[in-house]
Amino acid sequence: MSGRRDGVRWGRVVLVFVVLAVINVPYALHEWQLHRVATSGDEVAATVVDVRAAGDDADIAFRLPASVDGDQKVRTVRVHRDVAVEAARTRTLEVRVLHGHPGVFHVDGEIRSWVGLIFTLVADTLVAVMLLLSWRLGGRLRRPTLGVARYRPSMRI
């Protein structure tokens, strides 16, 4: 008998689920907040602080009204150029804000980044590759047992 238990190793299964939760839950909660703000957020008129061109698009810096954001932080969003031109002309920007969470906002014409999704998918793929290697190789990669080496004097001719 090799000393290896047959069956499911529940410690490893729990570890895999915890790792997948740590990777995927923050991204899922972020997407849920973005969905909530886009569908049921409060629409407010923000004051445009600055508009800067960024390639074919533009970055708009804005402040939300004091009734929504007591700190009056300057926030930035990347939008299509036509939205930026209109915001620069009127010095206002229509923003949807999640009630009670001024850091969660949505602007029509906003350009979203795919970095979070790509990072999450790469991390999930790495976990899948590690699981596949662990399943495929099983317990074959083990350190050799250390034994006592015997001294043999070399033969001299």
Side-chain angles (χ1 to χ4, degrees), residues 4-5 7-144:
R4 181 177 164 198
R5 298 179 309 194
V8 177
R9 295 185 180 182
W10 290 106
R12 288 186 182 181
V13 171
V14 169
L15 177 65
V16 169
F17 279 115
V18 167
V19 168
L20 288 174
V22 166
I23 292 170
N24 292 298
V25 167
Y27 181 74
L29 289 175
H30 173 71
E31 286 297 318
W32 174 247
Q33 281 188 330
L34 291 179
H35 170 73
R36 284 180 52 207
V37 74
T39 57
S40 63
D42 300 333
E43 193 160 321
V44 297
T47 305
V48 174
V49 176
D50 188 25
V51 178
R52 292 187 182 163
D56 292 338
D57 307 317
D59 290 334
I60 298 178
F62 63 93
R63 278 196 180 98
L64 295 170
S67 62
V68 176
D69 183 15
D71 295 339
Q72 291 287 290
K73 290 174 102 176
V74 175
R75 303 180 191 281
T76 306
V77 65
R78 181 159 291 185
V79 295
H80 295 289
R81 186 170 291 272
D82 55 341
V83 175
V85 168
E86 182 66 21
R89 186 180 65 77
T90 63
R91 303 306 291 174
T92 61
L93 182 66
E94 294 298 319
V95 180
R96 283 189 172 276
V97 180
L98 192 59
H99 184 71
H101 301 281
V104 182
F105 57 86
H106 174 76
V107 176
D108 287 335
E110 180 178 353
I111 299 173
R112 296 211 25 224
S113 174
W114 293 95
V115 173
L117 177 63
I118 291 170
F119 179 76
T120 303
L121 291 176
V122 167
D124 285 343
T125 303
L126 289 174
V127 170
V129 166
M130 286 189 287
L131 282 173
L132 181 65
L133 286 174
S134 174
W135 174 72
R136 179 72 178 109
L137 296 176
R140 287 184 247 164
L141 294 179
R142 300 208 186 265
R143 292 182 183 158

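Salt bridge Glu31/Arg112: present, at least one basic N to carboxylate O contact under 4.0 Å.
Judged purely by atom type and a 3.5 angstrom limit, Arg75 has no side-chain atom pairing as donor or acceptor with the backbone of Phe62. In terms of modelled atom types and a separation under 3.5 Å, the side chain of Arg96 and the main chain of Gly41 share a donor-acceptor contact. Judged by distance alone, the side chain of Ser40 and the main-chain N or O of Arg36 form a donor-acceptor pair under 3.5 Å. Checked by atom type and distance alone, the side chain of Gln72 pairs as donor or acceptor with a backbone atom of Leu64 at under 3.5 Å.
For Arg52, the CZ atom is loosely surrounded, since the number of other residues' heavy atoms within 6.0 Å does not exceed 12. The number of heavy-atom neighbours closer than 6.0 Å to CG of Asp56, taken from other residues, nucleotides and ligands shown, is 12 or below.
Not counting sequence neighbours, the partners of His35 by the ring pair (Phe, Tyr, Trp, His ring centres under 6.0 Å) test are Trp32.
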Query raised in the report: Would Leu34 and His30 satisfy side chain to side chain contact (heavy atoms under 4.5 Å, CB included), going step by step from the backbone distance to the final call?
Result: CA-CA 6 Å; Leu34 291 179; His30 173 71; 3.3 Å; yes
Query raised in the report: Could you walk me through whether Val16 and Arg12 pass the side chain to side chain contact (heavy atoms under 4.5 Å, CB included) check?
Result: CA-CA 6 Å; Val16 169; Arg12 288 186 182 181; 5.5 Å; no
Query raised in the report: side chain to side chain contact (heavy atoms under 4.5 Å, CB included) between Ile111 and His80: does it pass, once the steps are laid out?
Result: CA-CA 7 Å; Ile111 299 173; His80 295 289; 3.9 Å; yes
Query raised in the report: Run the side chain to side chain contact (heavy atoms under 4.5 Å, CB included) check on Leu93 and Val83 step by step: do they pass?
Result: CA-CA 9 Å; Leu93 182 66; Val83 175; 4.3 Å; yes
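A distance of 13.0 Å separates CG of Asp69 from NE2 of His101, quoted to the nearest 0.5 Å.
Contact detail for Ala84 and Ile60: the closest heavy-atom pair is CA-CD1, 3.8 Å.
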